[in-house]
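First up is the structure itself, then whatever we jot down about it.
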Amino acid sequence: MHEDQLDSQPVHCPYCTMPFELLVDASQGSHETWEDCPFCCAPIQLRIVVSPFDGELEDVLVGRDDEVL
């Protein structure tokens with residue numbers, strides 16, 4: 001996967017509130033994953049929502065590791 005095929009989404013860390021750009025691969029469809037904050041290294045829970053009709057990225061939900069998204 002080339003970076004130019006990824007969607008860039010601005011998000012904020014739910015722990016330290018620092019903004020950063022998250023690269024999302026919408027070709028995987030809707031899914032949940034975790035990524036460490038590039039600033040405070042806390043585990044961020046991500047819910048990636050992709051349209052089942054056109055494969056476009058619809059939403060990126062960001063939460064703490066212990067939250068239910």
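Counting begins at 1 with the first residue of the sequence.
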Could you tabulate the donor-acceptor pairs under 3.5 Å formed by side-chain atoms of residues 33-53, not counting sequence neighbours?
from, atom 1, to, atom 2, distance (Å)
W34, NE1, D65, OD1, 2.7
Q45, NE2, R64, O, 3.3
Q45, NE2, E67, O, 2.6
R47, NE, E32, OE2, 3.1
R47, NH1, L69, O, 2.9
R47, NH2, E32, OE2, 2.4
R47, NH2, L69, O, 2.6
S51, OG, F53, N, 3.2
S51, OG, D54, N, 3.4
S51, OG, D54, OD1, 3.1

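- Nearest heavy-atom pair across H12 and T17 is CD2-O, 3.2 Å.
- With contacts defined as side-chain heavy-atom distances shorter than 4.5 Å, the pair V24/V60 qualifies.
- The heavy-atom pair separating H31 from D25 by the smallest distance is CE1-O, 4.0 Å.
- Under a hydrophobic clustering in which Ile, Leu, Val, Met, Phe, Trp and Tyr are joined whenever their side-chain heavy atoms come within less than 4.5 Å, directly or via other members, F20 and Y15 fall into different clusters.
- C16 approaches C13 most closely through the heavy-atom pair N-SG, 3.4 Å.
- Atom CG of residue L57 and atom OG of residue S8 lie 10.5 Å apart, to the nearest 0.5 angstrom.
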